[in-house]
Every structure is written in structure tokens, then in C-alpha cells.
Amino acid sequence: MSQLEIAVLRQKIHGLSAVDYASALRARLPDVEVTVGRTPAEERDLIESAPIVTGFSMTPAEVEAAANMDLFACVYAGVGHLDLDVFEANGTAVTNASGVHGPNISEYVLGAILSFVRGFKRAWRQAERNEWRSYPARELQGSTVTVVGLGAIGQAVVDRLDPFGVETIGVRYTPEKGGPTDEVLGFDEIHDALARTDFLVLACPLTDETEGLIDSEALLTLPTDAFMVNIARGGVVDTDDLVSAMQANRIAGATLDVTDPEPLPNDHPLWDLDSVSITPHNAGHTPDYYERLADILATNVDRYRRGETDYENRVV
């Protein structure tokens, strides 16, 4: 039996290269030939022969040329950039990287909430002025945290909130599936959740249903002392409505890792709001990205070898 081959396409994620990804795969699959396509020509040759290909994207023409490709392992959690119909027509299964970001992004969310609760941003500003002056703070314990989106990241956030003694509300497309939160509501009930929310965490994909979900009406329903963290997509929040709400002190603050537009122009009014903290779509950064991704693909390679097709994170 010939040696199984995995083709690794060119991509760079969080400062890591495809070579790093290949190394992680070889450590888990020492009897598999893992080859990196370093140029477009090398990629084309690999795609035409390898049964398993992993990377960020493939064009329809590349998919159609991949006569032997049984599995495409996308290195991103989102697959909206892929023409999934073409993969399906080619008889190619597609998996994604769902779950890879759970630990790091949930740590970001907890850090943002705790920084707000304990007033660290104010402390940093005072420290820059060598100013020793007490200020009021809050507690996370006993509050209500609403998590919109209960995928891998949303669930990781809820898990890490558990020791803090909070009540949790989950909002998801299919509330009948339940979830790890104390209560699960559908999107049609989001205002019921928002009215009881102290801390709002947005961890949902950007879809027709979620675009502009947090608009002027939602921000009006939120209590004035509520705090929001957005690690979903910038378009889930209506930016103009958020600026207006912050300028009018309708909510207490926000931490935004994603914005609309993105990158955020340096003259945008969000930058000038003391109650808003902004990071440059950096919550997903982790040095362990390829290690976790390699774990998923290694599991699926074992299933592939056994003739199974119920791959972890299969989307097609």
C-alpha cells in the first residue's frame, strides 16, 4: 500500500507559516507523507495527486483538477469563502477549524470583562500620570452574562465563567438544542435576554440574521450599566448606533476586537471614547494554532484510514 500523502497549501496565520503546520502534522502522523507546496506550481502538482489537502482556500478550478482529493481540511473556522457546492460535486469532504480558538478567545473575553469590572483601564491612565487616587469598582459575581452564539467559542466562554458565580443566558439559532448556559433563548427572544444582561458577549457568526443585530433598539434595551464584548464580527454591531449609544452614556462600555469597518480608520470616533477598548482583531492570536489544528486533522486521518467519513468538524 502506498504511503498516504497530505498536501499543505501556503498560508500564514498569527505569524506561523505552512512549514510550522507541516511540522505539527508530521509529529502526529510520522508514517504520513506531509508535503508543503511552496509555490503556486508546487501547489497545483500536489492538489492533483494528494487525497488529503489542507489550507485556507481552493478555487473551483483547483477543486475540479483534484481528481484524487477525498478531504479538504480548511485551516479557518469560517468556510464562507469556499464554494462548497464545487467540493460536494467533486466528492470531496470539507472540514473546518472549529474549536481551535476556544481557549485563547475565551481568555480574551474574561480578561476584557475583568478589566472593566476592576477598572484596570482607569488605573492604567492614572498610573501614567503618577496619580494615586482610589476609584469605585464592581464585582463579576452575581451578575448575568449573555453569550450570543453557543458554538465552540461561546461554549468555551461559558465554561470559563463558571467559577465566577454568574448567571448565564445563551442566545442561539436553535434554542431547542439547549446549551451550557443556565437558560437558552432564540434570536426572536434576544430583547428578553438583553433586558437582564450585565455583560454581553457576542460570539456568533455574521449572517443575514445577525448582521446589525446589536442596533439602536438592542442598545436601548440593555441596562445603562451593561458592558459588551464583541469577538464575533464587526457587522454584528451597528457601528453608528454604538457610537451614539456610547456618546449618550446608554451603556457603560465595550471591548471590541472586531469593528465595522475593519481596519478601523484612525480618525473614527470609536477611538476617542474612553469607555471603549479596541484591539486589532487580535483575540484569535495564539502560538498553539497549528498544534490544535493538527490534532483535528490527525483524528480525521485516523478515521479516513478506517474508511469512516464522520470527520470531526465536517461541513460538507
Side-chain angles (χ1 to χ4, degrees), residues 8-18 21 52-60 62-63 69 71-88 90 92-109 147-158 170-174 177 179 187 201-214 229-237 239 256-264 279-286 288-297 299-300 311-316:
V8 179
L9 307 184
R10 293 168 297 154
Q11 67 261 319
K12 298 175 182 177
I13 302 173
H14 304 324
L16 305 170
S17 72
Y21 183 23
I52 299 176
V53 179
T54 183
F56 169 64
S57 183
M58 289 182 67
T59 66
E62 288 172 333
V63 175
M69 183 172 62
L71 171 63
F72 177 70
C74 181
V75 298
Y76 276 19
V79 293
H81 61 287
L82 299 175
D83 190 333
L84 298 180
D85 291 338
V86 174
F87 284 95
E88 188 171 20
N90 196 58
T92 301
V94 177
T95 60
N96 67 10
S98 178
V100 169
H101 281 309
N104 45 302
I105 292 185
S106 58
E107 287 177 3
Y108 175 98
V109 170
V147 181
V148 180
L150 292 178
I153 293 172
Q155 291 185 46
V157 170
V158 175
V171 179
R172 68 186 311 175
Y173 290 110
T174 50
K177 289 184 178 179
F187 277 90
V201 179
L202 303 176
C204 54
L206 179 62
T207 65
D208 290 342
E209 189 167 5
T210 62
E211 185 171 10
L213 180 71
I214 306 303
V229 183
N230 188 7
I231 47 84
R233 286 293 183 266
V236 174
V237 177
T239 301
L256 311 173
D257 187 55
V258 288
T259 60
D260 181 25
E262 191 173 299
L264 192 67
T279 52
H281 208 139
N282 207 60
H285 191 283
T286 171
D288 295 325
Y289 191 95
Y290 281 144
E291 296 296 324
R292 296 182 189 135
L293 195 60
D295 285 339
I296 295 172
L297 185 49
T299 296
N300 287 334
Y311 301 122
E312 183 176 344
N313 290 355
R314 181 167 182 171
V315 295
V316 170

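Along the sequence shown, residues are numbered consecutively beginning with 1. All figures in this text were calculated on a predicted structure; none of them were measured in a lab.
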J.: Is a side-chain donor-acceptor pair under 3.5 Å present for S98 with N96?
T.: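 Judged by distance alone, the side chains do not pair up.
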J.: Is there a side-chain contact between I153 and S106, using heavy atoms and a 4.5 Å cut-off?
T.: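 No, too far: nothing below the 4.5 Å cut-off.
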J.: Let me confirm one number: the SG-CD1 distance from C204 to I214, rounded to the nearest 0.5 Å.
T.: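 With rounding to 0.5 Å, SG (C204) is 8.0 Å from CD1 (I214).
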J.: Quick one: which of V229, V258, V237 gives a side chain to side chain contact (heavy atoms under 4.5 Å, CB included) with L202?
T.: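 So, applying the side chain to side chain contact (heavy atoms under 4.5 Å, CB included) to L202 and each of V229, V258, V237, only V237 qualifies.
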J.: Would a distance-only check, ignoring hydrogens and angles, find a side-chain to backbone donor-acceptor pair under 3.5 Å from T299 to D295?
T.: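 A pair under 3.5 Å: yes.
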J.: To the nearest 0.5 Å, what is the distance between CG (L256) and CG (L264)?
T.: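 Between atom CG of L256 and atom CG of L264 there are 8.5 Å.
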J.: Within the side chain of D257, is there an N or O that forms a donor-acceptor pair under 3.5 Å with the backbone of I231?
T.: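 No, D257 side chain to I231 backbone: no donor-acceptor pair under 3.5 Å.
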J.: Could you measure the distance from the CG atom of D83 to the CD atom of E88? Nearest 0.5 Å is fine.
T.: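 The CG atom of D83 sits 10.5 Å away from the CD atom of E88.
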J.: Got a sec, which residues hit salt bridge (charged side-chain N to carboxylate O under 4.0 Å, His left out) with D260, two or more places apart in sequence or on another chain?
T.: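 Here no residue qualifies.
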J.: What distance do F56 atom CZ and L9 atom CG have between them, rounded to the nearest 0.5 Å?
T.: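 CG of L9 is found 11.5 Å from CZ of F56.
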J.: For G235, does its backbone N or O pair with a side-chain atom of R233 as donor and acceptor, under 3.5 Å?
T.: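 Not confirmed, R233 side chain does not pair with G235 backbone.
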J.: Of D288, V100, L16, which is the lone residue that meets side chain to side chain contact (heavy atoms under 4.5 Å, CB included) with L293?
T.: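 Passing option: V100.
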J.: Would you find a donor on one side and an acceptor on the other, under 3.5 Å apart, between the side chain of Q155 and the backbone of A152?
T.: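 Such a contact is absent between Q155 side chain and A152 backbone.
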J.: Checking the side chain of T210 only, and the main-chain atoms of P205 only, is there a donor and an acceptor separated by less than 3.5 Å?
T.: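 Yes: the side chain of T210 pairs with the backbone of P205.
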J.: Does the E211 side chain pair with the main chain of D208, one donor and one acceptor, at a distance under 3.5 Å?
T.: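 Checked: no pair found.
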J.: Going from OG on S17 to CD on Q11, what distance comes out if it is rounded to the nearest 0.5 angstrom?
T.: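 Reported to 0.5 Å precision, the distance equals 9.0 Å.
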J.: For N282, does its backbone N or O pair with a side-chain atom of T279 as donor and acceptor, under 3.5 Å?
T.: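 No, T279 side chain to N282 backbone: no donor-acceptor pair under 3.5 Å.
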J.: Return yes if some donor-acceptor pair links the side-chain N/O of T259 with the main-chain N/O of G234 below 3.5 Å, else return no.
T.: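 The answer is no, because no donor-acceptor pair under 3.5 Å joins these two groups.
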J.: Is a donor on one side and an acceptor on the other found under 3.5 Å between the side chain of Y76 and the backbone of H81?
T.: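 A pair under 3.5 Å: no.
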J.: Can you establish whether the number of heavy atoms outside E209 located under 6.0 Å from its atom CD is more than 12?
T.: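 Yes - once you tally the heavy atoms of other residues, nucleotides and ligands closer than 6.0 Å, there are more than 12.
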J.: Please name the pair of heavy atoms, one in V201 and one in V109, separated by the smallest distance, quoted to 0.1 Å.
T.: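 Heavy atoms of V201 and V109 come nearest at CG2-CG1, 3.8 Å.
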J.: Does E312 offer a backbone N or O that forms a donor-acceptor pair with the side chain of N300 under 3.5 Å?
T.: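 Yes, because the side chain of N300 sits within donor-acceptor range (under 3.5 Å) of the backbone of E312.
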J.: Is the H101 to H14 ring centre distance short of 6.0 Å?
T.: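 Yes - the distance between ring centres of H101 and H14 falls below the 6.0 Å cut-off.
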